[in-house]
Asks: 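Pasting in a structure now, in structure tokens, and then I'll have a few things to ask.
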Amino acid sequence: MHTTSITIPTPCNFNFWRTVYSHGWCALPPFKIDKDAQAFERILELSDRLLVRCVMKATGKGITVQCHSQKPLNATHKQEIHSQLRACLRLTEDMASFYAEASRLRKFQWVPRMGAGRMLRSPTVFEDVVKMICTTNCSWALTEIMVGNLTTKLGRKFESGAYSFPTPQALAETTEKFFRKEIRSGYRSPYLLELGERVASGKLDMELWRSSTLPTDELFKQVRAVKGMGDYAAGNIMKLLGRYDYLGLDSWVRGKFYELHKNGRKVTDKTIEKYYAPYGKWQGLFFWLEMTKDWYDHKFPF
DNA sequence: GCGTCCAGGTCTACC
DNA sequence: GGTAGACCTGGACGC
């Protein structure tokens, strides 16, 4: 086993743990939090199929990454690790205009102060979409089961015992029966199989979505057209594409809104949407940050 | 241990 | 455009 250390520089407004804990993705493999070591891990698969276990820690210089691999890393490998992790931690995004807007609003002045607002994402849009489908219409426990099964049964095993996230090809080469029996994805199974097939065959290139210049509503339509992606799932995928015009309501955030703004009284989705509409293109991000503000009281919120 | 009920989004058919 | 019912699983609950 070879170990290589690389450093990813970070801007002064970047907060490593606030980004890691921005939502539930940090608890789903191939991501892993090691609370004892105060480290955040990820198994990456590079373009030459090399698996690398990356152990990230925040330091004064930025993020130090210990990269464990079966063979020595060359410059291309290092560049690819750098690029994938920067994409995951949203270091590719300029937060200046969002922070300027947050600073103008008294109730959100804590956001730039805390370095909040960067939402963790996967190295690929494909992984984000698969995981998002696995969050629909089920408990978080079932999401963990489905994603865990996807990695252990269709991903590749690293020496540490951890697994990579499966490729679109790996999904495409299975059957609906396999998804139902082994992944426990139930009625979502044909959606996941179709997604794998479309991406593997090149009929759908969702990786382009991150750099798309399409108007937000057009991009939303494309995301929404993927089977299994309804308003909740597509709205949240949009946030991971850097577009925050949609709220992506689910039962947990609805309940949190009722609790924070209506003394627990239920209101319609339209009422929630009307409440955040004045925040314009940032409404989805302000909404999510408000719903999760209490997470910021703890270094390890969950 | 077994059976029943419920929560959780999306899709499809229908009005 | 809105709505009802089906989809499937794990967990809670009662027996």
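Here is the naming used below: chain letters follow the sequence lines, and residue numbers restart at 1 for every chain. Below, all heavy atoms of this structure are taken into account, side chains as well, without hydrogens, waters or symmetry copies.
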Asks: Compute the ring centroids of A:F98 and A:F286, then answer whether they are less than 6.0 Å apart.
Replies: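 So the answer is yes for these two rings.
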
Asks: Expressed as a whole number of angstroms, how long is the span from A:R188:CZ to C:dG10:C1'?
Replies: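 Taking CZ of A:R188 and C1' of C:dG10, I get 11 Å after rounding.
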
Asks: Figure out the CZ/C1' separation between A:R254 and B:dA7, and round it to whole Å.
Replies: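 Whole-Å distance recorded here is 12 Å.
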
Asks: Considering only B:dG9, B:dC11, C:dT9, which nucleotide approaches the side chain of A:R184 most closely?
Replies: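 In terms of side-chain proximity for A:R184, the closest of B:dG9, B:dC11, C:dT9 is C:dT9.
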
Asks: Grab the CH2-P distance between A:W252 and B:dG9 for me, whole Å please.
Replies: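 Checked: the CH2 to P distance equals 12 Å.
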
Asks: Given C:dG11, B:dG8, B:dG9, which nucleotide is nearest the side-chain atoms of A:Y232?
Replies: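 Out of C:dG11, B:dG8, B:dG9, the nucleotide with an atom closest to A:Y232's side chain is B:dG9.
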
Asks: Would the A:W288 and A:Y244 ring centres measure less than 6.0 Å apart?
Replies: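 No: the rings miss the under 6.0 Å criterion.
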
Asks: Quick one: label A:M146 by what it contacts on the DNA or RNA (base, sugar-phosphate, nothing), any heavy atom closer than 4.0 Å.
Replies: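 Counting heavy atoms under 4.0 Å across all strands, no contact is made by A:M146.
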
Asks: Expressed as a whole number of angstroms, how long is the span from A:D269:CG to C:dT3:P?
Replies: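 Spelled out: CG on A:D269 to P on C:dT3 is 12 Å.
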
Asks: To the nearest Å, give me how far apart CG (A:L192) and C1' (B:dG9) are.
Replies: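 After rounding, the gap between these two atoms is 14 Å.
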
Asks: Is the phosphate of B:dG9 approached by A:R224 (side-chain N or O, under 4.0 Å from OP1 or OP2)?
Replies: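 No.
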
Asks: Could you tell me if A:K299 and A:Q38 have a donor-acceptor pair between their side chains, going purely by distance under 3.5 Å?
Replies: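 A donor-acceptor contact under 3.5 Å links the two side chains.
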
Asks: Please work out which of the three classes, parallel, tilted or perpendicular, describes the rings of A:F300 and A:W17, given edges at 30° and 60°.
Replies: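 Because their plane-to-plane angle is over 60°, the rings of A:W17 and A:F300 count as perpendicular.
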
Asks: Want to settle it: does A:L249 or A:K227 sit nearer the 5' end of DNA chain B, counting the closest nucleotide to each?
Replies: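 Taking each residue's closest nucleotide, the earlier one in sequence belongs to A:L249.
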
Asks: Indicate, with yes or no, if the rings of A:F220 and A:Y246 have centres closer together than 6.0 Å.
Replies: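 Yes, close enough.
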
Asks: Check the distance between C:dG11's C1' and A:E144's CD and give it to me in whole angstrom.
Replies: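 Whole-Å distance recorded here is 14 Å.
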
Asks: Looking at B:dT10, C:dC8, C:dT9, which one has an atom nearest to any side-chain atom of A:R180?
Replies: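 Minimum distance to the A:R180 side chain belongs to C:dC8.
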
Asks: In this structure, how many angstroms lie between the C1' atom of B:dA7 and the CH2 atom of A:W140, rounded?
Replies: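 In whole Å, B:dA7 C1' and A:W140 CH2 are 17 Å from each other.
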
Asks: Does the ring center of A:F257 lie less than 6.0 Å from the ring center of A:F287?
Replies: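 No, ring centres 6.0 Å or more apart.
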
Asks: With a 4.0 Å cut-off on heavy atoms, is A:S251 in touch with a base, just the backbone sugar-phosphate, or nothing at all?
Replies: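 Sugar-phosphate only.
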
Asks: Please report the distance, rounded to the nearest Å, between CG in A:N236 and C1' in B:dG9.
Replies: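 Rounded to whole Å, this separation is 12 Å.
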
Asks: Determine whether any donor atom in the side chain of A:Y187 lies under 3.5 Å from an acceptor atom in the base of B:dG9, or the reverse, and answer yes or no.
Replies: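 In this structure, the two groups form a donor-acceptor pair.
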
Asks: Could you pick out which residue, A:N137 or A:L142, lies toward the 5' side of DNA chain C when each is mapped onto its nearest nucleotide?
Replies: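 It is A:N137 whose nearest nucleotide is closer to the 5' end.
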
Asks: Let me test you: for the helix from B:dG1-C:dC15 to B:dC15-C:dG1, what is the angle between the axes at its two ends (five pairs each), rounded to 10 degrees?
Replies: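 The value is 30°.
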
Asks: Evaluate the ring planes of A:H261 and A:Y276, with Trp represented by its six-membered ring, and classify them as parallel (under 30°), tilted (30 to 60°) or perpendicular (over 60°).
Replies: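 A:H261 and A:Y276: perpendicular rings.
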
